[in-house]
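Below is one structure, written out as structure tokens, with a few remarks after it.
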Amino acid sequence: EPEVTQTPSHQVTQMGQEVILRCVPISNHLYFYWYRQILGQKVEFLVSFYNNEISEKSEIFDDQFSVERPDGSNFTLKIRSTKLEDSAMYFCASSQGGGNTIYFGEGSWLTVV
Amino acid sequence: AQSVTQPDIHITVSEGASLELRCNYSYGATPYLFWYVQSPGQGLQLLLKYFSGDTLVQGIKGFEAEFKRSQSSFNLRKPSVHWSDAAEYFCAVESYGQNFVFGPGTRLSVLP
């Protein structure tokens, strides 16, 4: 079964550093998402992306965050200047849209120290 | 406001016992409904989903869920729990034009 893949699986970074989390969505999917889960808390929506632009974003997704689909296969989440509270599991997801199942990757653990 | 609730934060059952995890939603129209499972430190795995049709949905690992429109519920069930079922379970909802929203999760512990 096709799957969403994410790299790295775990990254430790110093506060203030830039981080890029990478995702390869399922190839025929059109909608892409990032979610995050702070340890012990619920999964929270960050941003959705369609047709090469952000379609919706949450209040969590402030100016420190950006997303990009640089080459038609990868979908990246960039955090410009990480803060301690950015430590979380970040999930990438993709779907064909129209109510079809959203498939999630295994997640990328980000630890900011 | 649209919301997804899972009333039980933590449930403990004995291995072999039956299980029901509750999920309620508040949406204007019938949404698409999902259950995901997350083992510690792992990603989200889809157990089952409901889009339309038969309101009793079968999923992987012996799980099933029933959509009840009158109660705005989509409870997850399993007749006999295995120790490997211990995990966090998330109900999720997607409604047309709205984002995919997760409930707060229910942590399942299984006693030997």
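The chains referred to below are lettered A, B, ... by the order of the sequence lines, with proteins before strands, and numbering in each begins at 1. Only this structure's heavy atoms are used, side chains among them; waters, hydrogens and symmetry mates stay out.
For the pair A:V43/B:F90, a side-chain contact is recorded, criterion being any heavy-atom separation below 4.5 Å from C-beta on.
The environment of B:I9 atom CD1 is sparse: at most 12 non-hydrogen atoms of other residues, nucleotides or ligands sit within 6.0 angstrom. For A:Q14, the CD atom sits in a loose shell: 12 or fewer heavy atoms of surrounding residues, nucleotides or ligands are nearer than 6.0 Å. In A:R22, the CZ atom is not crowded: 12 or fewer heavy atoms of neighbouring residues, nucleotides or ligands sit closer than 6.0 Å. Within 6.0 Å of NZ in A:K42 there are more than 12 heavy atoms belonging to other residues, nucleotides or ligands. Counting non-hydrogen atoms of neighbouring residues, nucleotides and ligands closer than 6.0 angstrom, the CG atom of A:D71 exceeds 12 such neighbours. Counting non-hydrogen atoms of other residues, nucleotides and ligands closer than 6.0 Å to CD1 of B:I60 gives a total above 12.
Residues of residues 105-113 of chain A having a heavy atom under 4.5 Å from any heavy atom of chain B, listed by number: A:G105, A:E106, A:W109.
In this structure, chain A has no heavy atom under 4.5 Å from any part of B:E88. Only the side chain of A:Q37 has a heavy atom closer than 4.5 Å to any heavy atom of chain B.
The hydrophobic cluster containing B:V57 also contains B:Y25, counting ILVMFWY residues as joined when their side-chain heavy atoms lie under 4.5 angstrom apart, directly or transitively. Residues B:Y50 and B:L48 share a single hydrophobic cluster, defined by chaining ILVMFWY side chains whose heavy atoms lie under 4.5 Å apart.
The residue among A:Y103, A:Y33, A:F45 with the most heavy atom pairs within less than 4.5 Å of chain B is A:F45.
Separating the OH atom in B:Y36 from the CD1 atom in A:I102 is a distance of 6.0 Å, to the nearest 0.5 Å.
Closest approach of A:F91 and B:L44 over heavy atoms only: CE2-N, 3.9 Å.
The ring of B:F102 has its center closer than 6.0 angstrom to the ring center of A:F104.
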